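Everything quoted here is computed from the prediction, not taken from an experiment. Just follow the structure's listing: the first ligand is 1, and inside any ligand the first atom is 1.
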Amino acid sequence: MTAVTGLPPTMADRKDDVTPMLSQYVELCEQHPDALVLFQVGDFYEAFCEAAEEVARVCEVTLTQREDSTGEYPMAGIPIDNAASYLERLVEADYRVALADQVEDAEEASGLVDRAVTRVITPGTVVEDELLAAGSTTYVASVVERDAANGERDGYGIAAVDASTGECFVTTVPTRGDVREELDRIQPNELLVAGDAPTVAPDGDWMESAVDAELFEPTVARDRLAEYVADPDRRLDNDAEQRACGAVLAYAEYTQGDDGPLEYVSRIRRHDQRDQLRLDAAALRSLELFDNRGPGSGETVFDVLDETASALGRRCLDRWLRRPLVDRAAIEDRLDAVDALVDDGVVRSDLSDLLAEAYDLERLAGRVSRERANARDLRALHATLSIVPELKERIADIPALSDHHARLDELRDVATLIDEAISPEPPMELTEGGVIKQSFDDELDALRTTEQEGREWVADLEATERERTGIDSLSVGHNQVHGYYIEVTNPNLDQVPDDYTRRQTLKNAERFYTPELKEREDEIFGAAERADSLEYELFCEVRETVAAETDRIQALATTIAELDALCSFSIAATEGDYVRPELRAASDDAHISIHGGRHPVVETTQAEFVPNDTDLAGGDVAIITGPNMSGKSTYMRQVALICLLAQTGSFVPAEAATLPVLDRIFTRVGASDDIAGGQSTFMREMSELTEILHDATDRSLVLLDEVGRGTSTADGLAIAQATTEFIHDELDATTLFATHYHGLTDLADEREGVHNLHFAATREGDDVTFLHRVAPGASSASYGIEVARMAGVPTPVVDRARDVVATMTGDASDSSVADNATDAADSHPTSDNDTATDPAASAAAADDALADALAEQTLDPETVAAVAAELQALDIATMTPLEALNTLDSLRSQLDEE
Ligand code: ADP
């Protein structure tokens with residue numbers, strides 16, 4: 001986490017002995033001590049002195065020396081037309097950038113042009129299209145601890161705003177862990193902290209931004225909120241929420257040039273954690289919903305599901321995946337809609353084609369209301385509005401979409417206004433004409449007619465004057481400096497009539513004007529100039545009228561976004577061969593049953609993905625064993641993802657699924673997968689475990705992957721076992737636990753509802769093959785040795801290793817590997833027991849093959865003992881797979897030297 005900074009205002013000392021322009025710059029820097037000020041000078045944004053050095057360094061532009069009557073100082077500038085990429089660099093270098101624009105026409109200014117900061121660009125409040133990825137969200141957030149001294153309960157208020165779309169929401173959470181969970185879900189780009197007070201928020205990928213602590217003051221915040229909502233005390237739950245929300249809104253206003261409340265923040269939503277399936281940071285990460293940090297294809301669950309056609313839909317899908325539902329009726333509504341679209345391929349593809357024409361209404365509405373929209377933006381708004389009637393028609397006959405149908409507001413008034421007012425292909429600039437359509441405004445039409453007639457008169461002038469004067473080479477032209485002129489070459493000057501007045505002398509010709517030409521010229525330019533500014537005024541009026549409808553535009557945006565997300569679900573379902581999940585009644589226990597389940601991402605990367613069943617009654621614990629890379633994590637994640645997807649209203653990758661509505665998904669991935677390693681990782685692992693042990697309920701799904709590996713084997717096993725017992729006996733949370741601790745599998749014998757599942761491997765020839773099929777029972781007690789055996793380590797070594805393990809675990813009878821692959825007596829929950837690939841049979845076959853191959857071989861007992869001792873000394877739990885392979889290789893070569 002880095003802090004956003006401004007520039008130390010060391011230039012302040014020099015304010016009085018510099019030129020007026022530099023003094024203006026210094027003053028703006030003083031007004032924005034936390035920002036780097038860029039100062040418009042014509043077509044450039046310039047920075048001076050220390051700021052110039054930073055700009056030159058970060059943007060890699062030339063640092064020049066400017067010299068004036070008061071001395072020399074550094075200066076660096078970036079072209080305004082091309083500012084986006086430079087601004088991005090400055091923001092990435094942790095600067096807030098204040099843009100001081102010329103707010104007065106340079107030609108009209110008497111003396112120094114007036115400048116003002118119109119925009120402060122910060123990581124969390126970017127609104128410029130060039131700096132924003134399509135369909136992304138950019139939040140600035142803040143967290144405030146509830147004031148216990150004030151008699152409040154414990155907890156934290158959290159608020160976030162997206163300055164580009166006006167989305168704003170608040171929530172209150174009870175613990176610090178919840179703060180982290182919520183921030184991980186929001187993924188803000190910037191987090192506000194009050195002055196230099198220590199922050200209550202955890203570390204994260206966001207930038208920390210110090211702001212005036214006053215913004216967080218209860219009265220200040222409440223006054224601010226009152227500008228946005230009628231009754232802040234009723235709308236927001238508590239003081240901490242109000243303070244957090246007031247602060248983010250104040251900051252958003254500041255970054256948009258401090259023009260008062262942001263009109264397009266028209267609604268402040270409250271989230272309640274209880275209204276959504278809760279996912280903590282570890283779940284978001286390890287399920288690879290959005291962010292795939294691991295190696296591999298790089299695809300995320302979001303990528304696989306994202307078939308949205310518009311930026312609006314993309315953002316909606318993102319929100320839905322971050323906040324799956326818990327309200328059965330709401331989930332079923334979405335599922336009904338997806339179902340209907342899955343059934344009707346024609347409507348589905350028509351909708352998708354139509355939605356692809358929708359522009360980003362949320363951001364357009366923001367720009368319109370911030371008075372930043374140009375004529376092209378209004379045209380884009382019109383283009384989007386014009387798909388609405390057809391959208392309505394397409395979904396009119398689908399009962400599951402009747403609510404959306406009713407909500408689709410065609411905004412005919414707005415569409416008609418834009419269409420009547422704005423040219424079909426207007427220029428970017430608003431002040432140079434060409435923006436307003438003909439027949440929209442009588443005065444404008446009259447001005448344009450005057451201009452047009454004048455120009456036609458001038459166009460005819462050449463012919464009339466040639467005829468009048470008899471000078472065939474006479475020509476009429478125009479230039480910027482002198483305006484219209486009649487040009488006569490020197491040989492014909494004697495034929496020039498009396499009413500010509502000389503305007504300009506050239507080498508071979510003279511230029512003249514007549515009183516009438518002058519009069520016409522004034523008329524033409526007067527009308528043109530008046531027309532241009534009238535167009536601008538008319539445009540602003542139209543934009544204001546549209547801005548007054550921001551609420552309706554935002555509501556339409558929401559409806560279109562939802563349609564797109566639903567359509568995306570239906571396309572993903574059709575293409576991925578997903579089924580509609582069935583939800584269990586609230587009164588049922590949290591029984592998860594999945595037939596032929598698949599991992600939505602891994603299945604797209606594998607030539608042949610092996611589907612697996614799951615059948616876990618609520619509160620069951622499945623202990624999953626099997627070698628590395630056999631498919632344990634994939635299986636656990638697929639179960640979680642199928643549950644999660646169902647609760648977002650999506651179909652799921654399975655042949656059939658009957659699922660409970662879960663309240664939370666917890667995942668903990670053990671420290672061995674963590675590169676950092678060491679004691680601190682173990683501590684973290686344990687503290688995360690603590691959270692589960694506090695918070696999991698009989699409606700939660702818990703995934704534990706190799707938990708306990710961050711410490712020595714004996715402690716690890718002890719912790720793993722105690723955890724499992726507690727989750728099972730006390731919490732009754734449905735749990736999948738992948739583990740290397742074979743000792744855990746004994747729990748299945750001791751406790752009802754604890755089952756062993758395993759993933760096995762077979763050997764064919766020299767190849768070790770993973771079946772990726774989950775099967776009942778525990779895997780080999782010593783599957784590390786099993787893999788060593790399959791890799792070709794000679795039998796005597798393997799046997800000796802087994803003895804060693806048996807001694808270590810105090811279980812002398814467990815010396816055989818082949819006979820324990822399935823524990824047939826274990827009452828297991830998985831119905832799929834495919835005998836064709838029975839791992840026990842395969843393992844036995846592999847054993848036989850190995851035995852045959854080694855039958856003739858004799859080995860020196862001393863070497864065998866040495867190798868065995870080395871094997872025994874290995875700390876398998878802390879070895880990387882590569883180290884293990886290298887060690888195996890060296891052990892085998894010791895024997896080969898025999
Ligand atoms: P483990 O957790 O046992 O170490 P993983 O779940 O990480 O194993 O799986 C290892 C690899 O095996 C995956 O990256 C994937 O390529 C493949 N795999 C996993 N499950 C399946 C499956 N059901 N079908 C096909 N391939 C799979």
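For the residue pair His591 and Asp615, a side-chain donor N or O sits within less than 3.5 Å of a side-chain acceptor on the partner. Looking only at atom types and distance, the side chain of Asn756 has no donor-acceptor partner in the side chain of Thr745 under 3.5 Å away.
Inclusion of Gly631 in the set of residues having an N or O under 3.5 Å from an N or O of ligand 1 is warranted. Checked by distance only, ligand 1 and Val610 come closer than 3.5 Å through their nitrogen or oxygen atoms.
The Phe609 neighbourhood of ligand 1 comprises atoms 21 (C), 22 (C), 23 (N), 24 (N), 25 (C), with distances under 4.0 Å to a heavy atom of that residue. Listed by atom number, the atoms of ligand 1 under 4.0 Å from Pro627 heavy atoms are 3 (O). For ligand 1 and Ser630, the ligand atoms under 4.0 Å from any heavy atom of the residue are 1 (P), 3 (O), 8 (O).
In Arg773, neither the side chain nor the backbone holds a heavy atom less than 4.0 Å from any atom of ligand 1.
Heavy-atom proximity to atom 3 (O) of ligand 1, evaluated over Glu608, His599, Lys632, Gln606, is greatest for Lys632. When the heavy-atom distances from atom 20 (N) of ligand 1 to Thr634, Thr605, Thr625 are ranked, the shortest goes to Thr634. Looking at Ala607, Pro611, Ser633 and measuring to atom 7 (O) of ligand 1, the nearest heavy atom belongs to Ser633.
A side-chain contact (heavy atoms from CB on, under 4.5 Å) with Arg637 holds for exactly one of Val301, Leu644, Thr667, Asp705; it is Asp705.
When all heavy atoms of Val610 and Leu771 are compared, the closest pair comes out as CG2-O, 3.6 Å.
Using a 4.5 Å cut-off on side-chain heavy atoms (C-beta onward), Gln638 and Pro611 make no contact. Counting heavy atoms from C-beta outward, Tyr741 and Ile623 have side chains that stay 4.5 Å or more apart. Between Leu305 and Tyr578, some side-chain heavy-atom pair lies under the 4.5 Å cut-off. Two residues are said to be in side-chain contact when any heavy atoms from C-beta on lie closer than 4.5 Å; Phe737 and Val754 fail this criterion.
Looking from atom 22 (C) of ligand 1 to the surrounding protein, the closest heavy atom is His772 CB, 3.3 Å. Met629 CE, 3.8 Å is the protein heavy atom nearest to atom 11 (C) of ligand 1.
Ligand 1 is never approached by Gly626 to a heavy-atom distance shorter than 4.0 Å.
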